[in-house]
Amino acid sequence: PPYSFVDKGVAQGFLLERTKRVMNRAGIEARFDEMPPKRIFLEFEKNEQAICSFGWYKLPAREKFALFSISMHQDRPHTVLAGPSSQPAVRRHATLKALMADPTLTLAGADGVSYGADIDALIAAFPGKVDRTLQSPLQVARKIAAERADFMLIDRDDFDYLSESSADFHGSGLVRVDYPDMPAGLKRYILCS
């Protein structure tokens, strides 16, 4: 959520609806199946069937095994979500670059997804502990609230959705921190085999 998700057996989300309209206008009959990001990319790399997946960033590594549509959405810049007791340590940094150079902090993030080339490079070079997990942004945010990690990077649409829809998110002590050097939001595409 909010891009695409299944709630009580009903598939929904603004990028899902946009993708359905695109496929319909193109005269392409599409079936939508839910699967984890790692499996999606394994299917692309195997290249055994005609498949598409929507809402992804265009990255050089992906261009080796997938074709990209024109962009279908432009993200806003990511933001940082800090936990109750770690927010002073996160806020003491004036820039994202400074935050991502702090070896005393633990960064939590979703495994198998990209945050864009610039942020991925910062994560790869992060000197602190990186806790990658196969969980949704809400589950990663819960980990931050439970103080099992200090901060996470989160898409603003994810943050807005969680703020508006999740009772777990309210009163958790989580704090949003914006940095002036956060890279611009990336474009999202439909990828096809």
Side-chain angles (χ1 to χ4, degrees), residues 1-7 12-18 36-37 54-59 71-188:
Y3 303 104
S4 65
F5 59 102
V6 177
D7 185 27
Q12 49 192 302
F14 75 89
L15 284 187
L16 172 63
E17 295 307 318
R18 192 174 297 168
F54 61 92
W56 299 103
Y57 299 142
K58 189 176 193 177
L59 302 172
S71 67
M72 63 182 300
H73 178 73
Q74 172 82 45
D75 285 353
R76 295 175 288 164
H78 280 77
T79 190
V80 170
L81 201 56
S85 64
S86 60
Q87 67 150 314
V90 170
R91 285 186 183 271
R92 78 170 170 246
H93 299 289
T95 64
L96 178 65
K97 186 177 178 181
L99 173 69
M100 297 301 288
D102 188 336
T104 67
L105 297 175
T106 299
L107 164 65
D111 194 19
V113 299
S114 171
Y115 294 84
D118 293 338
I119 294 175
D120 287 349
L122 289 171
I123 293 170
F126 185 63
K129 182 181 177 193
V130 178
D131 181 1
R132 290 263 192 189
T133 182
L134 289 172
Q135 295 179 314
S136 71
L138 175 58
Q139 292 166 316
V140 176
R142 285 181 183 145
K143 183 180 283 192
I144 303 297
E147 303 188 63
R148 293 195 312 267
D150 297 309
F151 72 100
M152 68 183 286
L153 291 147
I154 187 167
D155 181 278
R156 289 184 194 218
D157 287 318
D158 288 335
F159 177 83
D160 290 348
Y161 177 83
L162 295 175
S163 296
E164 294 166 8
S165 66
S166 176
D168 291 346
F169 205 76
H170 299 288
S172 63
L174 293 169
V175 176
R176 178 179 146 181
V177 182
D178 293 316
Y179 289 102
D181 61 335
M182 185 67 72
L186 298 177
K187 293 179 179 179
R188 292 181 182 263

- Message: Quick check for you: to the nearest 0.5 Å, what is the distance between S163 atom OG and I154 atom CD1?
- Response: 8.0 Å

- Donor-acceptor pair, side chain of T133 and main chain of A110, under 3.5 angstrom: no

- Might you point out which heavy atoms bring H78 and I119 nearest each other, and give the distance in Å? ND1-CD1, 3.9 Å

- Task: Verify side chain to side chain contact (heavy atoms under 4.5 Å, CB included) between D178 and V80, making sure each step is shown before the conclusion.
- Result: CA-CA 6 Å; D178 293 316; V80 170; over 6 Å; no

- Could you walk me through whether Y3 and D158 pass side chain to side chain contact (heavy atoms under 4.5 Å, CB included), step by step? CA-CA 8 Å; Y3 303 104; D158 288 335; 3.3 Å; yes

- Message: What verdict does the side chain to side chain contact (heavy atoms under 4.5 Å, CB included) test give for R142 and Q135, after you've listed the backbone C-alpha separation in whole Å, the side-chain angles of each residue and the deciding distance to 0.1 Å?
- Response: CA-CA 10 Å; R142 285 181 183 145; Q135 295 179 314; over 6 Å; no

- Query: Any side-chain heavy-atom pair from M100 and T95 closer than 4.5 angstrom?
  - Reply: no

- Query: Taking all non-hydrogen atoms of both residues, which atom of G116 and which atom of L186 are closest, and how far apart?
  - Reply: CA-CD1, 3.1 Å

- How long is the gap from NE2 on H93 to OH on Y179, to the nearest 0.5 Å? 6.5 Å

- Message: Going by the rule side-chain hydrogen bond (donor to acceptor under 3.5 Å, both in side chains), which residues pair with R76 if we only count those two or more places apart in sequence or in a different chain?
- Response: D157, D160

- Item | Residue list, side-chain contact (heavy atoms from CB on, under 4.5 Å) with T106, at least two apart or on another chain | K129, D131, A149, D150

- Task: With sequence neighbours left out, write down each residue that passes side-chain hydrogen bond (donor to acceptor under 3.5 Å, both in side chains) with S114, or none if nothing qualifies.
- Result: D120

- Query: Is the number of heavy atoms from other residues, nucleotides or ligands under 6.0 Å of K187 NZ greater than 12?
  - Reply: no

- How would you list all residue pairs meeting salt bridge (charged side-chain N to carboxylate O under 4.0 Å, His left out) that involve residues 94-103, not counting sequence neighbours? R92-D102

- Enter the distance from L107:CG to F151:CZ here, rounded to the nearest 0.5 Å. 4.5 Å

- Task: Determine, step by step, whether L162 and L174 satisfy the side chain to side chain contact (heavy atoms under 4.5 Å, CB included) criterion, reporting the C-alpha distance in whole Å, the side-chain angles of both residues, the deciding distance to 0.1 Å, and the verdict.
- Result: CA-CA 11 Å; L162 295 175; L174 293 169; over 6 Å; no

- Message: Between Y161 and F14, is the ring centroid distance below 6.0 Å?
- Response: no

- Output for pair (E164 CD, F159 CZ), nearest 0.5 Å, gives 10.0 Å

- Query: By side-chain contact (heavy atoms from CB on, under 4.5 Å), which residues pair with P127, not counting sequence neighbours?
  - Reply: P103

- Task: For the residue pair Y115 and L122, establish whether any side-chain heavy-atom pair is separated by less than 4.5 Å.
- Result: no

- Please list, chain by chain and in numerical order, all residues satisfying side-chain contact (heavy atoms from CB on, under 4.5 Å) with A101, sequence neighbours excluded. none

- Item | Rounded distance [0.5 Å steps], CG in D155 versus CZ in R188 | 5.5 Å

- What's the spacing between H73 NE2 and Y57 OH if we round to 0.5 Å? 8.0 Å

